Structures are given as structure tokens and as C-alpha cells.
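Have a look at the structure below, then the notes.
Here the structure is a predicted model, which means the values were calculated and not measured. What's counted below: heavy atoms across the whole structure, side chains too, no hydrogens, waters or symmetry copies. For reference, positions follow the sequence shown, starting with 1.
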Amino acid sequence: EQPLRQRIGGVLFDYGETLVEFRRPHQALAEAEERILAVLAASGRSVPSGATVRAIQERVEREVNEHQASGALDEIDVAAASFRAYADAGLSLDGGLLDEVLRIEQEAWWQGAHLDPETVPLLDALRGRGIRVGLCSNAPYRVQSLHAQLAFIGLDSHLDAATFSAEIGWRKPSPQIFEAAMRTLGTAADRTVMVGDSEAADIAGAHAAGLRAVLLSRSGQRGSGQADAVIAALHELPGALRNMGIYLN
């Protein structure tokens with residue numbers, strides 16, 4: 001049975017491994033470590049070794065990964081986890097100092113974000129057809145840095161909205177983050193499509209929130225079949241939307 005053709009108001013995209021690829025920026029992280037040590041020294045605190053700072057960061061990263069692997073829908077508080085890790089290492093950081101340390105660390109990670117060359121042309125093409133485009137991303141890190149990262153990689157001016165789990169407190173596939181993303185984007189569930197690379201987070205989560213969903217599978221594997229469409233590259237999205245019965249002028 002062919003679906004009735006309809007117009008949509010918006011498309012939400014996952015961020016990491018959908019619009020951007022992340023690679024660990026070893027040099028930038030090493031330079032950030034030196035800046036963090038300098039900030040701690042300037043605060044009058046006893047300065048830990050670089051190895052201690054790395055161990056603290058690795059502990060927090062491990063806690064983040066474990067939280068994600070657990071399937072918990074509430075988002076981890078990275079600032080609180082970092083505060084505990086520094087305190088356990090003998091460094092009590094007030095809110096302002098901790099925020100500065102996290103800002104330095106997160107800005108280093110910007111160097112590891114590599115924009116898919118098909119991202120901007122796709123976003124601009126959709127917006128040119130009157131469709132609003134936004135992000136709906138599981139990212140538990142410093143909110144200001146996440147939004148600033150979009151400007152750093154040149155993506156912010158091609159988006160109408162961006163919603164990160166860090167600012168909502170809920171992770172995909174929780175309906176709460178999809179509802180927040182649609183509020184920010186200004187669209188309704190029955191007129192919004194989600195695009196992402198995770199069947200569990202992006203496809204199942206979007207369906208539970210009343211959206212249709214397109215799986216990005218660069219490997220070419222079709223997945224379990226729960227997605228409304230499967231694409232192997234971003235430039236295939238407009239054709240997939242048309243095949244789903246969505247009218248694009």
C-alpha cells in the first residue's frame with residue numbers, strides 16, 4: 001500500500017557518526033592537559049602531574065561509557081563525575097574552576113570532529129525546500145562547548161536548532177529528548193523525520209515518539225527492518241523521503 005504523499009516540517013539528525021565523524025585528537029588533548037595544569041597552578045592549588053590529570057579524564061570517560069552501555073535513559077552529569085574524580089585525587093575545584101577545566105578539555109575534542117562533506121549541501125537543500133533541520137544528539141558534555149563546537153566546525157549556520165542530551169537530562173531513545181528537540185525545531189511528530197545511525201537510539205526512539213525514521217548505514221547493511229528507509233550516504237536522503245511518500249518541492 002502506497003503512503004499518502006505529504007509535506008513535512010522538519011528533519012532531525014543525529015550528530016556523531018551521522019553528520020560528523022570523531023577521531024581522538026591526541027595532540028590537542030596533550031596541549032589541553034598543559035593548559036589545565038597552568039590554570040590549576042594559577043588558582044594557587046597544588047599542581048598534580050600530567051599523568052594524574054589524564055587518569056582523572058580517563059576515569060570520567062570510563063564512567064560515561066559505562067553509563068551509555070547500561071542503557072540508562074537519564075543522562076550522566078559529567079560535571080559532577082569530574083568533580084568527584086578531581087576530589088578523589090586531592091583537588092577540590094569550585095564551580096568556576098571546574099567549568100574552566102572542562103571547557104579547555106572539551107575544546108580540545110573539537111579538533112577530532114570531522115564534518116561529512118555531504119552534510120552542508122544536504123542541510124542547505126532541505127532548508128531551501130522550506131524544511132527545518134536540527135540536531136537530536138546524545139552528548140553528555142558541557143552544553144556551551146557542544147553548541148560552540150557547531151560554530152567551530154561551521155555547522156551552526158546551516159541548522160535551525162540543536163538539542164543535546166546534556167541540556168535535557170535524557171538520552172535517546174527516551175521520548176523526552178525527541179519531544180524537546182521538536183519543540184526547539186518548531187515541528188510536530190507527525191511532520192518530522194529522524195535520521196541517524198543507531199537502530200536502538202535513533203530509529204526505535206523516534207518511532208516511540210511518533211516520528212518516522214531513516215537509518216544511515218554506511219556499511220550498506222539493511223538493519224533489522226524497523227527503519228522507514230535505509231540510506232548508505234547522506235545525499236540519498238531526499239530520494240528516500242520521496243520513496244516514503246514525502247513531498248519535496
Side-chain angles (χ1 to χ4, degrees), residues 3 8 10-26 28 61 64-65 68-69 71 109-129 131-141 146 149-166 171-174 177-178 181 185 192-209 211-246 248:
I8 57 170
V11 178
L12 288 170
F13 291 88
D14 175 49
Y15 184 46
E17 310 311 318
T18 297
L19 300 185
V20 301
E21 177 188 354
F22 284 97
R23 296 191 289 271
R24 195 175 192 89
H26 295 284
E61 186 174 351
V64 168
N65 291 336
Q68 293 174 354
W109 278 99
W110 296 356
Q111 304 296 330
H114 302 275
L115 195 61
D116 185 316
E118 296 183 0
T119 292
V120 167
L122 173 62
L123 297 179
D124 289 351
L126 292 172
R127 295 175 89 195
R129 292 168 171 146
I131 297 169
R132 295 176 63 78
V133 296
L135 295 185
C136 182
S137 172
N138 283 348
Y141 304 104
L146 291 170
Q149 182 183 115
L150 302 179
F152 178 81
I153 65 174
L155 191 55
D156 63 328
S157 60
H158 301 278
L159 293 166
D160 296 297
T163 300
F164 295 102
S165 57
R171 298 175 52 77
K172 295 178 294 186
S174 168
I177 187 171
F178 288 100
L185 192 60
T192 308
V193 174
M194 176 71 197
V195 181
D197 67 309
S198 168
E199 284 195 286
D202 299 314
I203 308 306
H207 282 166
L211 294 77
R212 280 174 289 176
V214 175
L215 177 67
L216 174 62
S217 176
R218 291 193 170 89
S219 68
Q221 296 180 348
R222 304 300 294 176
S224 68
Q226 60 180 313
D228 296 285
V230 181
I231 58 176
L234 290 173
H235 75 266
E236 297 177 6
L237 181 63
L241 294 176
R242 291 188 185 96
N243 290 340
M244 288 164 57
I246 291 170
L248 299 175

Okay, side chain of [X], backbone of [Y]: is any donor-acceptor separation there less than 3.5 Å?
{"X": "Glu17", "Y": "Asp197", "result": "no"}
{"X": "Ser137", "Y": "Asp14", "result": "no"}
{"X": "Asp160", "Y": "Leu185", "result": "no"}

Please examine the side chains of [Y] and [X], heavy atoms only from C-beta on, and report whether any two atoms are closer than 4.5 Å.
{"X": "Trp110", "Y": "Ile153", "result": "no"}
{"X": "Phe164", "Y": "Gln149", "result": "no"}
{"X": "Asp202", "Y": "Leu216", "result": "no"}
{"X": "Trp109", "Y": "Arg24", "result": "yes"}
{"X": "His207", "Y": "Phe178", "result": "no"}
{"X": "Ser198", "Y": "Lys172", "result": "no"}
{"X": "Leu234", "Y": "Leu19", "result": "yes"}
{"X": "Leu146", "Y": "Tyr15", "result": "no"}

Got a salt bridge between Glu21 and Arg218, using NZ or NE/NH1/NH2 to carboxylate O under 4.0 Å?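 Arg218 and Glu21: not salt-bridged.
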
Point-to-point distance, once rounded to the nearest 0.5 Å, from [atom1] of [X] to [atom2] of [Y]:
{"X": "Ile246", "Y": "Ile131", "atom1": "CD1", "atom2": "CD1", "result": "8.0 Å"}
{"X": "His158", "Y": "Leu150", "atom1": "NE2", "atom2": "CG", "result": "11.5 Å"}
{"X": "Asn138", "Y": "Ser174", "atom1": "CG", "atom2": "OG", "result": "9.5 Å"}
{"X": "Met194", "Y": "Ile203", "atom1": "CE", "atom2": "CD1", "result": "7.5 Å"}
{"X": "Leu135", "Y": "Thr18", "atom1": "CG", "atom2": "OG1", "result": "9.5 Å"}

Where is the tightest heavy-atom contact between Gln226 and Ala204, given as atom of each residue plus distance?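 What the structure gives for the nearest pair is OE1-CB, 3.7 Å.
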
Over all atoms of both residues, closest heavy-atom pair of Arg127 and Ser157: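 Smallest interatomic distance, heavy atoms only, reads NH1-O, 3.0 Å.
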
Decide side chain to side chain donor-acceptor pair (under 3.5 Å) for His114 and Arg23; before the verdict, give the C-alpha distance in whole Å, the side-chain angles of both, and the deciding distance to 0.1 Å. CA-CA 8 Å; His114 302 275; Arg23 296 191 289 271; 3.2 Å; yes

